[in-house]
Amino acid sequence: MLHENNTIGEVKDEVLYQVAKAAFEGNLHKIEATLPYEILPGTKPKFRCCVHKEREIVRERIMLAKNINPADGEPCHNTVKILPSACENCPITRFSVTDNCQKCMGKKCMQACRFGAITMARDKAYINPEKCKECGQCYDACPYNAIVDIMRPCRRACPVDAIQADEDGRVWIDDEKCIRCGSCISKCPFGAISDSSRMIEVIDYLKGDRPVYALVAPAAEGQFGMDITMESIRKGAKKMGFKDMVDVAIGADFVSDSEAKEWAEAHEAGKKMTTSCCPAFVHLIRRHFPELSDHISTTVSPMAATARLVKAMHPGAVCIFIGPCIAKKSEAGQDQDKEGENADLVLTFEEFQAMLRAKKIKLEPVTLEETQNGSIHAKNYSNSGGVTRAVKQAYIEHGGQSGLNVRQCNGAAECRKALMLLKAGKLPEDFIEGMACLGGCVAGPGNIQEERAFKRERDKQLKRADDRLVTDTVSEYSKYEFSMHRHHQTEA
């Protein structure tokens, strides 16, 4: 049951937990209609104007947990979706004049506006929203700070201007522009934007006959609390019904090895390249800089590499990626043209935690010696700059010199700047590492803790790693054959 002090994250977690619990018990279809009343009993509202609106928002969240778009009742294509009932009609007009305005004779705001949008009314300046182009010149010019910028948080967070508003003030997402990064989800203070879930399908797989493997991202280390390691997660996943857990750091080492070879060839040919690990960054290139698509590394992501390895080792296996990334959902199985090219489905850490809770599984510290999978270079893939360091390491292991010049882009804004330079032919570096999330995957929108909250524990766990090489991991699995390159390019 929810109460007035619950946060957006706690409301989301409660809905995911209730849906996961019902799905495991096989009675979701029976209790779906009554779940909003169980989650929000009584007649008094806790968050919104009335309990009826609160229940409607919960109902829409249940739909998203079933991968259904609340707006049209159809399966979700873009995993980033609007909860219509939760959108609180934030102001459309970005700049407005406050009572601080002194109606001064300087009229610097009027002089700064190039579109004739500002006039002097009886008591203060007035901005005509039909003429305003939201350039911000008046905001910068006012000596009294009387003009405020109240741009919607979701729109401000979106790095590609994919958030739009209709005539009623309700937001909608331009799927053709959206790069699935999830920034808008993190920034909306009303929880009106969320990600759709394939959690029920994962539970169906766990109930089925095929062996199901959990592919866990390196960002999981430290995410689930003090002394909860990858081996702790492995034990928890097996209790849930997974055949086994595979550390995606293994796939990251394969990616470092493959990209090092690609970068060496490109460097020799004088061709500039970008990384391909971050699906939001890849979406950014294909949707907003399509002329640069040929510069994307053809090496698959660590998720895809790990899935291909597991399916080479265990034909017929189902691979479920578990990590902090929402964009990974658009990269996984639903967008494959050829079976086995990637993970079949994706869970965020939030969804995995809800499933653990639904099965009453508590992750416990492992007393035995931890089994390391993948190099420390692979484990650091989840940090901004980690991919560059790992690929350079693999490059050196293959006999290359440390002369690769890489631009490390931390966040979508830096990625855009680098791509604009590349497009203009003015990028001084040879390669671009793109991470859409500030800080890297450890700051992904599907995390259950903010990076600062678990960084100390994560750093402590990483210090235990040995000094194995990137190529040591690749050699260990050398008897299994699979491609490390994309066969095609897809959009999601």
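Count residues from 1 along the sequence. These numbers come from a predicted model, not from an experiment.
- For the pair K392 and E433, the salt-bridge criterion is not met [side-chain N within less than 4.0 Å of a carboxylate O].
- When each of F482, Y480, Y381 is tested with F254 by the rule ring pair (Phe, Tyr, Trp, His ring centres under 6.0 Å), just one qualifies, namely F482.
- A donor-acceptor pair under 3.5 Å is absent between the side-chain atoms of R156 and the main chain of K187, judged by distance alone.
- Minimum heavy-atom separation, A220 to I233: CB-CD1, 3.7 Å.
- Counting only distance, with no hydrogens or angles, the side chain of N342 and the backbone of E331 share a donor-acceptor pair below 3.5 Å.
- Under a 4.0 Å N-O distance rule, the pair R357/E14 qualifies as a salt bridge.
- Side chain of Q372 to backbone of G374: a donor-acceptor contact under 3.5 angstrom is found.
- Of the candidates S330, S197, S196, T79 forms a side-chain hydrogen bond (donor to acceptor under 3.5 Å, both in side chains) with just one, namely S196.
- Surrounding CE of M420 are at most 12 heavy atoms belonging to other residues, nucleotides or ligands under 6.0 Å away.
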- Task: Check the pair F349 / F224 against ring pair (Phe, Tyr, Trp, His ring centres under 6.0 Å), numbers first and verdict last.
- Result: CA-CA 9 Å; F349 289 145; F224 290 90; 5.5 Å; yes
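- Residues K21 and E25 are paired through a salt bridge, judged by an N-O separation under 4.0 Å between the basic side chain and the carboxylate.
- Nearest heavy-atom pair, S194 versus R61, reported as atom, atom and distance to 0.1 Å: OG-NH1, 3.3 Å.
- H283 places no side-chain N or O within donor-acceptor distance of the main-chain N or O of C178, the cut-off being under 3.5 Å.
- Just one residue in the list E221, R464, R234, E457 forms a side chain to side chain contact (heavy atoms under 4.5 Å, CB included) with T229, and that residue is R464.
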- Item | Steps toward side-chain contact (heavy atoms from CB on, under 4.5 Å) verdict (Q164, I173) | CA-CA 6 Å; Q164 307 294 325; I173 297 173; over 6 Å; no
Check: residues 259-271 side-chain donor-acceptor pairs under 3.5 Å, at least two apart:
| unit_1 | atom_1 | unit_2 | atom_2 | d |
| --- | --- | --- | --- | --- |
| E259 | OE2 | S297 | OG | 3.2 |
| K261 | NZ | D257 | OD2 | 3.2 |
| E262 | OE1 | S297 | OG | 2.5 |
| E262 | OE1 | T298 | N | 3.4 |
| E262 | OE1 | T299 | N | 3.1 |
| E262 | OE1 | T299 | OG1 | 2.6 |
| E262 | OE2 | T298 | N | 3.1 |
| E262 | OE2 | T298 | OG1 | 3.1 |
| K271 | NZ | D294 | O | 3.0 |

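- Residue V474 comes nearest to D253 through the heavy atom pair CG2-O, 4.0 Å, listed as atom of the first residue, atom of the second, then distance.
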- Message: S232 vs E364, test: side-chain contact (heavy atoms from CB on, under 4.5 Å). Steps then yes/no.
- Response: CA-CA 6 Å; S232 304; E364 303 282 356; 6.0 Å; no
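- In this structure, K272 forms no cation-pi arrangement with F431, as its terminal cationic atom is not both closer than 6.0 Å to the ring centre and no more than 45° off the ring axis.
- Counting only distance, with no hydrogens or angles, the side chain of R308 and the backbone of E341 share a donor-acceptor pair below 3.5 Å.
- Partners of K455 by side-chain hydrogen bond (donor to acceptor under 3.5 Å, both in side chains), not counting sequence neighbours, listed by chain and number: D459.
- Under the 4.0 Å criterion applied to side-chain N and carboxylate O atoms, K417 and E414 are not assigned as salt-bridge partners.
- Closest approach of V255 and C277 over heavy atoms only: CG1-SG, 4.0 Å.
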- Stepwise, does the side-chain contact (heavy atoms from CB on, under 4.5 Å) test hold for D247 with V216? CA-CA 5 Å; D247 191 337; V216 179; 5.9 Å; no
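- Here the closest non-hydrogen pair linking N447 and V442 is ND2-O, 2.7 Å.
- Nearest heavy-atom pair across E481 and A312 is O-CB, 3.9 Å.
- A donor-acceptor contact shorter than 3.5 Å links the side chain of T275 to the backbone of G434.
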